[in-house]
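So you know, we letter chains A, B, ... as the sequences are listed, proteins then strands, and number each from 1.
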Amino acid sequence: MPVFLHDTMSREKRPLLPKPGREIYGMYCCGPTVYGPAHIGNFRTFTVQDVLRRTLEVGGLKVKHVRNITDVDDKTIRGAQAAGQTLGDFTKKWTEKFHADCKALGLLAPHVEPSAVVHIPQQVAMIKALVDRGHAYVAKDGSVYFKVCSCPDYGKLNHIDFSKLETQTENSAGEANDADEYERESASDFALWKSRKPEDGANFWPSPWGEGRPGWHIECSAMSLAHLGATFDLHGGGIDLCFPHHENEIAQSECATGVKGFAAHWFHSAHLMVEGEKMSKSKGNLYTLDELVAKGFSPMEVRYTLISGHYRSSLNFTMKGVDDSRSALAKLERGADRLLAAAGFTRAEFAAPVAQEVQTSWGRFAKAWEVLQDDLNIPGCLGQVFTVLAEKDEPSAEQARQDVSGLAKILFALGLELFVVKAEVAIPADVADLGARRWAAKQSKDFAAADQLRKDLATLGWTMLDRKDGYDLKKS
RNA sequence: GGCGCGGUAGCCAAGUGGUAAGGCCGGGCUCUGCAAAAGCCCCAUGCGUCGGUUCAAUUCCGACCCGCGCCUCCA
C-alpha cells in the first residue's frame with residue numbers, strides 16, 4: 001500500500017507514487033535561508049519532511065530528496081555586510097551550523113542540496129526563456145519581472161482568481177509593500193532579476209540585462225529543474241510559502257519550460273507556535289536548538305516534540321511539551337527493552353538491522369505502520385505503538401522477534417533513535433564517598449545512618465537510587 | 001474582503017454514523033527497611049454553541065461563537 005498524503009492543490013488525500021515509467025520518487029523541499037541559526041519552527045517543517053522521506057523509503061520507494069540552501073537574497077547579503085564577511089564566508093558559516101543542527105535532530109541529509117548561488121547561470125537561463133516567451137519583461141533599470149497576467153492559470157495552487165487579487169498596502173510584518181520601488185507593470189508582478197544596487201556591495205552577477213542578482217522565487221524553480229526535471233513528484237515547504245512563493249514557482253517553471261504539471265503533489269506543513277503565541281523575534285520566543293539544549297533538553301526530545309502533532313495542524317511548542325516528550329521517549333525505551341528481552345536481542349541488534357528472516361515483518365506494529373501511511377499521522381502511529389507496548393500478554397519469542405522488526409522500522413521512519421548514550425555526569429569525590437558509605441550502612445542494616453547519608457546527598461543535590469545489587473547516583 | 005486551518009479530559013493529542021487511541025500530569029495498588037525506579041489499575045455519559053438529517057452524531061448538513069494562518073518578509 002502506498003503512502004497517502006493530503007495535496008494542497010487538489011485538496012485531496014492522494015497516493016504517493018512515482019510518475020508512470022519512473023523508478024525514483026523526486027521530492028523538492030524549500031530549504032533554509034542561511035543568514036543565522038534556524039529556529040525550531042523551521043525545523044518542524046524539515047523534520048516532518050524527513051519523516052515523509054523516511055516513511056516512503058521504509059515503504060520501499062526509491063526517493064530523491066532535494067533541499068536547497070538559499071545563500072543569496074536580501075537577508076544573506078545584509079547579514080554578510082553587517083558581519084564584515086564575504087557572502088560566501090558568511091553563508092558557509094550558517095550552512096555548517098544548519099547541518100550540525102540537522103544531524104543532531106536526526107534529519108537524513110537530502111540526496112542533493114543545491115546552492116542558489118551556484119545555480120545563478122541556470123536561473124539566468126530560465127529568466128531568459130521567460131523573457132523570450134513573453135512571460136517576463138525588462139524594466140528600465142535592468143530588473144526583470146514576471147508578467148502574472150501572461151499566465152492564465154496563475155493562482156491555481158491557492159485557488160485565487162488573480163484578476164481579483166487585491167494587493168495589501170502592508171504585509172503581515174506591518175511593513176509597507178513597496179509596490180512602486182521597482183518599475184513593475186502590475187503590483188502582482190514579481191521580480192525575477194534585481195538590477196544591481198549600491199547596497200548590494202560586491203554581490204552582483206552578470207546577465208543579459210546587466211549586473212544584478214536573482215529574485216528569490218526563481219531560485220527554487222531553477223534548482224528543481226536542474227535536479228528533478230521540468231516535472232517531479234512532490235514539492236514541500238512551510239504553509240507560509242504556499243503563497244506567493246510556490247504559486248510563483250509554478251508560474252515560472254511552467255511558463256519557462258512550457259510543460260504543465262510542475263509538481264504532482266504539494267505538501268505543506270502548518271506552523272509552530274511557542275507558548276501559545278506566534279513565533280517572532282520581537283516576542284523573544286524564537287528558539288534555536290542550541291537554546292533548548294542549553295535548557296537541558298536533548299535534540300531527540302526536541303524531535304519527538306516537533307513530530308508529536310499532525311503536520312497539518314499548528315503545533316504549540318512549550319517547555320512542558322518537551323518535558324512530556326522526555327517521559328514518553330523514556331517509556332518507549334522501556335517498552336522496547338522489554339520486547340528486546342522477550343525476543344532475546346540486545347539493544348545493539350535493535351539499532352542494526354535485525355535477523356534477515358524477520359526484516360519484512362511488522363509483527364503487532366502493522367497497524368501503527370498503516371496509520372503512519374495514512375496522511376503521515378504520526379500522533380496516531382505513536383498511539384498505536386504505545387498501545388502495543390502496553391499489551392498485557394507476554395509475546396512469544398517468535399512474536400517478539402517480529403515485533404522488534406516492526407518497531408525498528410516504525411522508529412526509523414519517525415527518525416526516533418532510542419538508547420542514545422547520554423553524557424555521563426561526573427560524580428564528585430565527596431558525593432561518591434557519601435554514596436559508598438550509605439550503601440555500606442544499608443548493607444549492615446544501619447538504617448538510621450543510611451537515612452542520614454541520603455539526606456546529606458540531597459543537600460549536595462544528588463539522589464541515590466537503590467537497586468538489588470547496587471546503586472546509582474543521580475543529580476536531582 | 002479573498003483563500004485556508006482549527007476548537008476533543010488539568011495539559012498535549014489521534015479518531016469514528018453506533019456510543020471516545022495514546023502521551024504527560026494526578027490518584028490507587030504491588031514491590032521496597034526508607035526513598036525511588038518499575039509494573040499494574042483508575043482518570044471525558046463527553047468531543048465550541050444552537051438547530052437539522054438519522055433508529056443512532058462528537059463524527060453528516062446549516063447557522064453562529066471563538067482562536068489561528070496566508071494575501072507578495074517568512075519553514
Side-chain angles (χ1 to χ4, degrees), chain A residues 8 11 29-33 38-49 73-75 148 155 157-161 164-168 170-175 177-179 184 187-191 216-217 236-245 247-248 268-273 276-280 304-305 308-310 312-318 320-321 323-332 334 337-338 367-368 371 374 377-390 392 442 445-448 450-451 454-455 458 463-468 471-472 474 476:
Chain A
T8 311
R11 297 177 181 172
C29 300
C30 291
T33 302
H39 54 70
I40 47 169
N42 297 316
F43 281 119
R44 145 107 123 155
T45 294
F46 298 137
T47 306
V48 162
Q49 290 164 347
D73 79 322
D74 293 350
K75 281 182 274 193
V148 168
L157 173 63
N158 290 276
H159 304 92
I160 296 167
D161 182 346
K164 292 182 191 158
L165 209 168
E166 283 180 41
T167 300
Q168 303 276 294
E170 59 180 44
N171 63 27
S172 55
E175 296 158 345
N177 279 329
D178 46 2
R184 282 187 276 181
S188 306
D189 293 351
F190 53 92
W216 175 48
H217 307 298
I239 188 67
D240 52 299
L241 296 186
C242 195
F243 190 89
H245 184 57
E247 198 68 60
N248 291 355
H268 290 108
S269 45
H271 272 187
L272 189 73
M273 313 271 285
E277 294 190 301
K278 188 189 174 181
M279 275 196 307
S280 71
Y304 189 100
T305 308
S308 64
H310 189 94
R312 287 207 281 144
S313 301
S314 58
L315 179 74
N316 185 21
F317 188 95
T318 63
K320 181 183 180 301
D323 261 332
D324 291 357
S325 295
R326 167 175 295 174
S327 304
L329 229 24
K331 187 171 194 167
L332 218 40
R334 278 181 258 125
D337 261 338
R338 259 179 281 127
K367 175 79 176 163
V371 169
D374 184 6
N377 186 351
I378 301 171
C381 173
L382 284 168
Q384 269 305 312
V385 168
F386 281 109
T387 300
V388 171
L389 254 17
K392 225 175 169 303
K442 182 185 170 179
K445 305 225 185 265
D446 182 355
F447 298 126
D451 286 348
R454 178 186 286 290
K455 280 180 191 162
T463 311
M464 191 157 162
L465 304 180
D466 292 358
R467 296 192 315 270
K468 273 197 175 131
Y471 60 93
D472 291 316
K474 272 180 69 179
S476 40

Check your understanding: Considering Watson-Crick and G-U wobble pairs with both distances under 3.5 Å, what does B:rC64 pair with?
Key -> B:rG48
Review point. Between A:Leu241 and A:Cys30, what is the shortest heavy-atom contact and its length?
Key: CD1-CB, 3.7 Å
Review point. With a non-hydrogen cut-off below 4.0 angstrom, is A:Lys474 in contact with a base, only sugar-phosphate, or nothing?
Key: nothing
Check your understanding: Checking all strands, does A:Arg334 fall into the base, sugar-phosphate, or nothing category for heavy-atom contacts under 4.0 angstrom?
Key -> sugar-phosphate
Point to revise | Nucleotide opposite B:rG33 in a Watson-Crick or G-U pair, distances under 3.5 Å | key: none
Review point. Got a donor-acceptor contact below 3.5 angstrom from the A:Glu247 side chain to the A:Asn158 backbone?
Key: yes
Review point. Which base sits across from B:rC25 as a Watson-Crick or G-U pair, both distances under 3.5 Å?
Key: none
**Study point:** Proximity to the side chain of A:Pro379 - top-ranked nucleotide from B:rA13, B:rG22, B:rA75
**Key:** B:rA13
Point to revise | Heavy-atom closest contact (A:Ala328 atom, A:Tyr304 atom, distance) | key: CB-OH, 3.6 Å
Point to revise | Side-chain donor/acceptor contact of A:Asp451 with base of B:rG33 under 3.5 Å | key: yes
Exercise for review: Select base, sugar-phosphate, or nothing to describe what A:His268 touches, counting heavy atoms under 4.0 Å on all strands.
Suggested key: nothing
**Study point:** Check ion pair A:Asp451-A:Lys455 (N to O, under 4.0 angstrom)
**Key:** no
Check your understanding: Can you name the nearest heavy-atom pair linking A:Lys474 to A:Leu465, along with the distance?
Key -> CD-CD1, 3.6 Å
Point to revise | A:Phe43 to A:Ala38 - nearest heavy-atom pair and separation | key: CE1-CB, 3.6 Å
Review point. Should A:Arg467 be listed as having a side-chain N or O under 4.0 Å from OP1 or OP2 of B:rU32?
Key: no
Check your understanding: Is A:Phe447 touching bases, backbone alone, or none of the nucleic acid, heavy atoms closer than 4.0 Å?
Key -> base
Practice item. Could you check A:Ala270 against A:Ala450 and say which one's nearest nucleotide on RNA chain B is further toward the 5' end? Key: A:Ala450
Check your understanding: Considering only the C1' atoms, how many Å lie between B:rA57 and B:rG46, rounded to the nearest integer?
Key -> 13 Å
Practice item. To the nearest Å, give me how far apart CD1 (A:Ile239) and C1' (B:rC70) are. Key: 8 Å
Review point. If pairing requires Watson-Crick or G-U wobble contacts with both distances under 3.5 Å, which nucleotide is the partner of B:rU59?
Key: none
Practice item. Select base, sugar-phosphate, or nothing to describe what A:Gly321 touches, counting heavy atoms under 4.0 Å on all strands. Key: nothing
List, with names and distances, any nitrogen or oxygen atoms from the protein found under 3.5 Å away from nitrogen or oxygen atoms belonging to nucleotides 5-9 of chain B.
none

Check your understanding: Which part of the nucleic acid does A:His271 contact within heavy-atom distance under 4.0 Å: base, sugar-phosphate only, or nothing?
Key -> base
Point to revise | Nucleotide nearest A:Thr33 (side chain, heavy atoms from C-beta), chosen from B:rC70, B:rG39, B:rA75 | key: B:rA75
Check your understanding: Paired with B:rC3 by Watson-Crick or G-U wobble geometry, both distances under 3.5 Å: which nucleotide is it?
Key -> B:rG69
Point to revise | Under-4.0 Å side-chain N/O to phosphate OP1/OP2 contact, A:Asn158 with B:rC70 | key: no
Practice item. Would you kindly give the CG-to-P distance between A:Leu465 and B:rA37, to the nearest whole Å? Key: 8 Å
Review point. Considering all heavy atoms of both residues, which atom of A:Cys381 and which atom of A:Val371 are nearest to each other, and what is their separation?
Key: N-CG1, 3.4 Å
Check your understanding: Any donor-acceptor pair under 3.5 Å linking the side chain of A:Asp466 with the backbone of A:Tyr471?
Key -> no
Exercise for review: Once you apply the 3.5 Å cut-off to both distances, tell me the Watson-Crick or G-U wobble partner of B:rA9, or none.
Suggested key: none
Exercise for review: Quick one: sort the A:Phe190 and A:His217 rings into parallel, tilted or perpendicular, breaks at 30° and 60°.
Suggested key: perpendicular
Review point. According to a strict under-4.0 Å criterion, is A:Lys320 in side-chain N/O contact with OP1 or OP2 of B:rC25?
Key: no
Review point. For the pair made of CG in A:Leu272 and P in B:rA13, what is the distance, rounded to whole Å?
Key: 11 Å
Check your understanding: On a whole-Å scale, what distance lies between the C1' atoms belonging to B:rU8 and B:rC47?
Key -> 4 Å
Point to revise | Selection from B:rC70, B:rA75, B:rC11 that lies nearest to any side-chain heavy atom of A:Asn42 | key: B:rA75
Review point. So, is A:Lys442 near the phosphate of B:rG33, with a side-chain N or O under 4.0 Å from OP1 or OP2?
Key: no
Check your understanding: Taking N and O atoms by type only, does the side chain of A:Asp466 place a donor or acceptor under 3.5 Å from a partner on the base of B:rC34?
Key -> yes
Practice item. Please report, rounded to the nearest Å, how far the C1' atom of B:rC74 is from the NZ atom of A:Lys75. Key: 6 Å
Practice item. For A:Asp446 and B:rC34, give me the distance from atom CG to atom C1', rounded to whole Å. Key: 13 Å
Practice item. Look at the side chain of A:Asn377 and decide which nucleotide, out of B:rA36, B:rU72, B:rG15, has an atom nearest to it. Key: B:rG15
Exercise for review: For residues A:His271 and A:Ile239, report the shortest heavy-atom separation together with the two atoms involved.
Suggested key: CD2-CG2, 3.8 Å
Point to revise | No-H, no-angle donor-acceptor pair, A:Arg454 side chain to B:rC34 base, under 3.5 Å | key: yes
Check your understanding: If we take the C1' atom in both B:rG17 and B:rC73, what is their distance in whole Å?
Key -> 46 Å
